[in-house]
Amino acid sequence: MTTSIMIVGVGGQGTLLASKLLGNVLIAQGYDVKLSEVHGMSQRGGSVVTYVKYGDKVYSPIVDQGEADYILSFEILESARWISYLKEGGVLLTNTQKTWPMPVITGAMEYPEGIVEKLSAMADVQAVDALKLAEQAGSPKAVNVVLIGVLSRRMDIPEEAWLKAIEETVPAKFLELNKKAFRLGREA
Amino acid sequence: MKKLMLGNQAVARGLYEAGCRFVSSYPGTPSTEITEQAALYDEIYAEWAPNEKVAAESAVGASLAGARSFCAMKHVGFNVAADPLFTASYTGVNGGLVVCVADDPGMHSSQNEQDSRHYAIAAKLPMVEPSDSRECRDFVKAAYEISERFDTPAVLRTCTRVAHSQCLVELHARDEQALKPYERNPQKYVAAPANAVKRHVEVEKRMEALRTFAETTELNRVEMGDTAIGFVTSGTCYLYVKEAFPEASVLKLGLVNPLPVKRIADFAAKVERLIVVEELDGVIEEHLRRNGIRVDGGKDLFGYLGELSQNKIRVALGAALPAYKAYDETVPGRPPVMCPGCPHRGLFTVLSKLKLTVLGDIGCYTLGSGAPLNAVDSVLCMGASIGMAHGYTKMLGEEAAQHTVAVIGDSTFMHSGITGVVNLAYNKSIATVLVLDNSITGMTGHQQAEPHHGPDAAERAHLSY
Ligand SMILES: Cc1ncc(C[n+]2csc(CCOP(=O)(O)OP(=O)(O)O)c2C)c(N)n1
Ligand code: SF4
């Protein structure tokens, strides 16, 4: 059995740290783990996606349409973009933050309204204002760890394992901030 | 100890473990991290060269000196390095020489989708293709053994999904390699016609020996399962096949040039349907057809475009797809844009306002071609802006030249723009060239790959990791 997670967002939002943290937690649990992300162009504010897969033996590093057990989304438009990757019965955990893409900034297109409501009619969705919680924890940059906290509650891995992985992944001087961010996400 | 490693990081680990001493590369997605990671090992001398040709020549020189040496490039980088490498195929090596070429099916960060396997065939070089990080490490070692045993540069082919995926890799110790003594041998190393004629004979003998090797090497392996379908595949496609059809029989090719014949024919005889799964061109499929081996599905099912995936293989073979629901409204795209505060932005705003004809080049500033700036008329390959501006203005004259500029970044200028400028002077051009010097190779993640300033790869890597 392989479990598939997708982390989606906008280049520069800190999705890479989230996937690294998740990878570290899963390895410590003794799973075979594969992580896949595309570096390069998309990091310049483009749409970014990271695949995290784990189980006894993982083959393909990518997640295809209808295969994701969880989608962890950093931006609500990205949730709409990637929802087709969620499997039947899968869970979408989404930040409610909006970042306008270029076609919306230039006025060529409009930012769609009511995305959360629409998505909620399609799948099991938990929407969280991760930016607010991150600021509450002490820094807007901690959105990624807040969202990891949200995901952690859905997964069958003890809290200590997550905290340990946070200790190993983030710089020491931001440790307390990130632990707080994680807890706020976990309790959201 | 096991570590989660990026494919590129695992290639660097392979270099370390194989006793490699010398790395010279020019950055290019998705190959860049190999050299950055190799620079972290004290035992390896690693540097950025101004372009892939110089990098390859430096690695050939280090090989001549007796060191296991290496260079990495993206697929289009091989176009630039092809000249030395086609003839290094004739001269052979002293210390083992491995060249990594990283393809980009789907063009995540590239201007074309060329399939570098054609280069291995044309240059008569052995090529290995790993499918994950563990194999990246293992195949680097195998490539050095092939290089030294068959007296040839060996090519390691990766692609975006292999280079930028991570899996667990067991770490091994370094196998230190003494420098092989350099012995003067002009008949081998001076590629003048009289010598090269004789070397070509050796090259053909070597290909014959490699074809025999291909029949038995463990780089190629058969996994027999259900015999209703047998897949012949390599690289990342192997993983998609295993995901989509875990029970099926698979012939996984790790040595992709030269390809075995008998081994594939034997496999074909044992299965009912033989399906070839490969991204981009039908290199394996054509090999089978040429050798009279039955193919029941290949490019007719998968086409020549972009990346494959487990679902694409399921669809092609009529298997059920996992159910899903798509969002039923158009979702605005999110193309990459220049960073806020990027110095290129102001320039392109002006170019756009002045409505100039802009012959662009490759780098972050290529993003000036997109909305809302829409400021660029052409982009071809690194360095092309200057040559094109010359030809364009020669034909259209002074009036047009007043409204035309070539725009090129500093790293691209050093890479292959300089010779264009020499040409402007020599052929009395009237073209205008803007060099956008941001003192960095922005596009590929801020390497100081410009010889005119900044620390080398080793210093940079220590600064940034
Ligand atoms: C032959 C070749 N090698 C490498 C690349 C990858 N690549 C694209 S642009 C670029 C350099 C960009 O640097 P620079 O010209 O300084 O522009 P900047 O991105 O800093 O604006 C590189 C290495 C390529 N496209 N073609
Ligand atoms: S990475 Fe540097 S050169 Fe590239 S868009 Fe950003 S600021 Fe500009």
Side-chain angles (χ1 to χ4, degrees), chain A residues 2 10-12 19-20 23-24 26-27 32-48 51 58-62 64-68 75 77-88 90 99-106 108-112 115 118-119 122-123, chain B residues 2-4 6 29-30 32-33 104 106 108-110 132-133 160-168 236 238-244 246 307 309-312 314 321-340 342 364 366-367 370-372 442-445:
Chain A
T2 306
V10 179
S19 60
K20 190 172 169 198
N24 287 346
L26 295 167
I27 294 167
D32 184 27
V33 179
K34 277 194 179 162
L35 240 90
S36 181
E37 63 217 7
V38 170
H39 307 188
M41 268 286 204
S42 53
Q43 283 171 345
R44 309 267 175 286
S47 171
V48 290
Y51 308 110
V58 182
Y59 286 111
S60 171
I62 64 169
D64 222 325
Q65 285 187 316
E67 287 189 335
E75 203 270 354
L77 188 64
E78 296 308 312
S79 304
R81 189 187 317 286
W82 296 102
I83 189 71
S84 64
Y85 283 71
L86 200 64
K87 75 163 53 149
E88 262 183 5
T99 305
W100 282 16
M102 197 42 87
V104 174
I105 294 174
T106 60
M109 289 182 87
E110 278 183 20
Y111 197 103
I115 299 179
K118 271 200 160 180
L119 291 174
M122 295 166 68
Chain B
K2 271 193 182 172
K3 227 185 128 185
L4 198 57
L6 205 61
T29 315
T32 310
E33 298 86 355
D104 189 14
H108 294 280
S109 313
S110 303
D132 62 14
S133 302
T160 300
R161 291 296 172 191
V162 170
H164 288 167
S165 293
Q166 303 181 35
C167 76
L168 289 165
T236 185
Y238 161 77
L239 299 171
Y240 302 148
V241 165
K242 292 294 281 189
E243 184 89 24
E307 295 185 290
S309 71
Q310 49 267 29
N311 273 359
K312 285 192 186 161
R314 290 179 183 125
L321 279 186
Y324 63 84
K325 293 196 199 105
Y327 200 72
D328 62 1
E329 252 181 73
T330 333
V331 178
R334 194 183 295 277
V337 289
M338 289 181 208
C339 308
C342 173
C364 280
T366 307
L367 295 171
M443 179 82 163
T444 45

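- Of the listed residues K325(B), E307(B), K2(B), E329(B), the one with more heavy-atom pairs under 4.5 angstrom with chain A than any other is K325(B).
- Here P322(B) is the residue among P322(B), C364(B), P246(B), C339(B) with the most heavy-atom pairs under 4.5 Å with chain A.
- Here Y59(A) contributes atom OH and Y240(B) contributes atom OH; the two are 15.5 Å apart, rounded to the nearest 0.5 Å.
- For P372(B), the parts lying near chain A are the backbone and the side chain together; criterion is any non-hydrogen pair under 4.5 Å.
- Using a 4.5 Å cut-off between heavy atoms, M109(A) contacts chain B through its side chain alone, with no backbone atom that close.
- Heavy atoms closer than 4.5 Å to chain B are found nowhere in Y85(A), neither backbone nor side chain.
- By the side-chain contact (heavy atoms from CB on, under 4.5 Å) test, S133(B) pairs with A10(B), C167(B), V169(B), sequence neighbours left out.
- Ionic pairing of R314(B) and E67(A) is present here: one or more N-O contacts between side-chain nitrogen and carboxylate oxygen are shorter than 4.0 angstrom.
- Heavy atoms closer than 4.5 Å to chain B are found in the backbone of L86(A), but not in its side chain.
- Note that CG of L6(B) and OG of S36(A) are 9.0 Å apart. Values are rounded to the nearest 0.5 Å.
- Between the side chain of R81(A) and the backbone N or O of Y327(B), no donor-acceptor pair lies under 3.5 Å.
- Looking only at distances, a side-chain donor or acceptor of D64(A) sits under 3.5 Å from a matching main-chain atom of N311(B).
- Remark: K312(B) engages L308(B), S309(B) in a side-chain contact (heavy atoms from CB on, under 4.5 Å) (not counting sequence neighbours).
- Note that the CG atom of N24(A) and the CG atom of L4(B) stand 7.0 Å from one another [nearest 0.5 Å].
- The contact between W100(A) and chain B is made entirely by backbone atoms, counting heavy-atom distances below 4.5 Å.
- Separation of atoms OG (S84(A)) and CG (D328(B)) is listed at 12.0 Å; rounding is to 0.5 Å.
- Heavy atoms closer than 4.5 Å to chain B are found nowhere in S79(A), neither backbone nor side chain.
- Looking at I115(A), the atoms closer than 4.5 Å to chain B (heavy atoms on both sides) sit in the backbone and in the side chain alike.
- Within the 4.5 Å cutoff, the side chain of S47(A) has no heavy atoms near those of the P335(B) side chain.
- Expressed to the nearest 0.5 Å, how far CD of E243(B) lies from OG of S60(A) amounts to 5.0 Å.
- Chosen from M338(B), K242(B), Q310(B), R161(B), the residue pairing most often with chain A at heavy-atom distances under 4.5 Å is Q310(B).
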